[in-house]
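Taking it in order: structure first as structure tokens, then the write-up.
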Amino acid sequence: WWVDRSPPNCGQPWGMTSTASVDHALAEFWQGGRVSVLATLIRSARGDFDRAEDALSEAIARAARRWSVDGVPARPAAWLLTTARRVLIDEARAATQSAVATTRLQTPEVVSDDASAADIASDEVADAHADDRLPLLYTCCHPALSSRAQITLALKSIGGLSVREIARALLEPDSTTAQRLVRTKRKIRLAGVPFRIPAAADLPDRTPAVRETLYLLFNEGYGATEGDTYLRQTIAEDAIRFARLLLTATVDDPESLGLLALMLLHHARRHARLAPDGAIIPLEEQDRTRWDSARIREGEHLLDRALARRRTGPYQLQAAIAALHATAQTPAATDWKQIAQLYGALRFWMPTPVVELNAAVALAMVHGPEWGLAQLDVLATEQGMATYHLLPAARADLLRRASRFAEAGTAYREAMALSRSTAEQQFLRRRIGECEAMGRS
């Protein structure tokens, strides 16, 4: 279950019968404490990600067995951390004894399956108070790694995303992502990449990769690339927490401020984005009274602080676009002309097909759908866009706005065939039905 990131309360992944309270405790740990514990274990394992992940998996397996007998400890995360660290110690002892059979090492007692929850929970962990999350993030984004390797490892370790989810986010085959992940972990282990926040002088060069990773992590929480759950609020909120942590290391950095503002402004709409049946509600159809006004105000405040520094960057531009959407009282009041201008500036910073797609849609809202359709035809030849479901979805929407309903239905079907998200498929199916009805009228 660790590899596939399945929540602990789904089925019986360890082959043991567990109580509802144990399932609940493990699910809460998975959603809240997993990253902190994993970060500490990676530091204890001297950067060996695989050993740390395996140790945590073993600790969770033991918890599923022992907690159903002894009860859930008062501090589940501390229990799991202590147990996993003892697993690491046991492995190290075994490896040493295998290599040097004549040497006897005294090590702390290994936690057996018969140890009680109370015994382990009472064991003090010297550095349990330490927050290793930000050092972990900077370790994942070390300059010794390529940009793609940094993002892949961080999305796996920090976000807990599966290989398939990361591949979808990076618009590449699953096998490419899996192979890169193996190579990256090996390189960190062999190179002895330090587990720490960089010195102040190195932060400006090291932080852009961290921001990009958090951005992709938030995007997966904002709209999952596949599966039955479209809004993965735990992932989105983890990304927001990390963005807040990042500000403690990069005080008043305009792009770090812009990134957090962007996340808050988007996350403010979370309660209005899904229909009761789970289908997506597009922005123009959302009930704006359900938007989180406190998050919007905080996002605007952070954006104002960033813009006051007068060092424009891509996250500030995206936050400014999000702010224009979030503060429009009605869909008709949306300032599409200014949004299109901001996308024009963003294309300079992020000349990617996805940004070009959003820019084309924004300009279509100003100049008309036919103009946007011509731009989308050009984008269809870009690398990775042939399987990117939002391209035919955008084309379908513009065709619908142009009253070309038969063509729109075809494009919606193409998008639905490419999408792996249940919520997106429900929305696209609804649009297909609307186009068919309009075509008959």
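These numbers come from the heavy atoms of this one structure, side chains and all, not from hydrogens, waters or symmetry mates.
Among residues two or more places apart in sequence or in another chain, the side-chain contact (heavy atoms from CB on, under 4.5 Å) test is passed with Ser21 by Thr19, Val72. Partners of Arg206 by salt bridge (charged side-chain N to carboxylate O under 4.0 Å, His left out), not counting sequence neighbours: none found. Residues satisfying the salt bridge (charged side-chain N to carboxylate O under 4.0 Å, His left out) test with Lys187, not counting sequence neighbours, are none. Under the side-chain contact (heavy atoms from CB on, under 4.5 Å) criterion, Thr381 pairs with no residue, sequence neighbours left out. Evaluation of the side-chain contact (heavy atoms from CB on, under 4.5 Å) rule for Ala261 yields Leu302, Leu303, Ala319 as partners, not counting sequence neighbours. Not counting sequence neighbours, Glu300 has no partner by the salt bridge (charged side-chain N to carboxylate O under 4.0 Å, His left out) test. Applying the salt bridge (charged side-chain N to carboxylate O under 4.0 Å, His left out) test to Arg244 and every residue at least two apart in sequence or in another chain returns Glu298. Take His267 and apply the ring pair (Phe, Tyr, Trp, His ring centres under 6.0 Å) test, not counting sequence neighbours, and it matches no residue. In terms of the side-chain contact (heavy atoms from CB on, under 4.5 Å) criterion, residue partners of Pro208 (sequence neighbours excluded) are, by chain and number, Arg211.
Taken from CD1 in Ile432 to SG in Cys435, the straight-line distance is 8.0 Å, to the nearest 0.5 Å. Interatomic distance, CG of Leu153 versus CZ of Arg183, reported as 12.5 Å (0.5 Å rounding). The line from CG of Leu155 to CD1 of Ile235 is 10.0 Å long, rounded to the nearest 0.5 Å. Between the NZ atom in Lys185 and the CZ atom in Phe49 there is a gap of 8.0 Å [rounded to 0.5 Å].
Under the 4.5 Å side-chain criterion, counting only non-hydrogen atoms from C-beta, Trp371 is in contact with Gln375.
In this structure, Arg273 is positioned above the aromatic face of Tyr222, its NZ or CZ under 6.0 Å from the six-membered ring centre and within 45° of the axis.
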Between side-chain atoms of residues 320-333 and protein atoms elsewhere (two or more places apart, or another chain), which donor-acceptor pairs fall under 3.5 Å?
{"from": "Thr327", "atom 1": "OG1", "to": "Ala323", "atom 2": "O", "distance (Å)": "2.7"}
{"from": "Thr330", "atom 1": "OG1", "to": "Ala333", "atom 2": "N", "distance (Å)": "3.2"}

For residues 193-204, tabulate all N or O donor-acceptor pairs below 3.5 Å that involve a side-chain atom, not counting sequence neighbours.
none

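Of the possible donor and acceptor atoms, one in the side chain of Ser146 sits under 3.5 Å from a partner among the backbone N and O of Ala149.
Pairs passing the salt bridge (charged side-chain N to carboxylate O under 4.0 Å, His left out) check and including a residue from residues 342-365, sequence neighbours excluded, read Arg347-Glu356.
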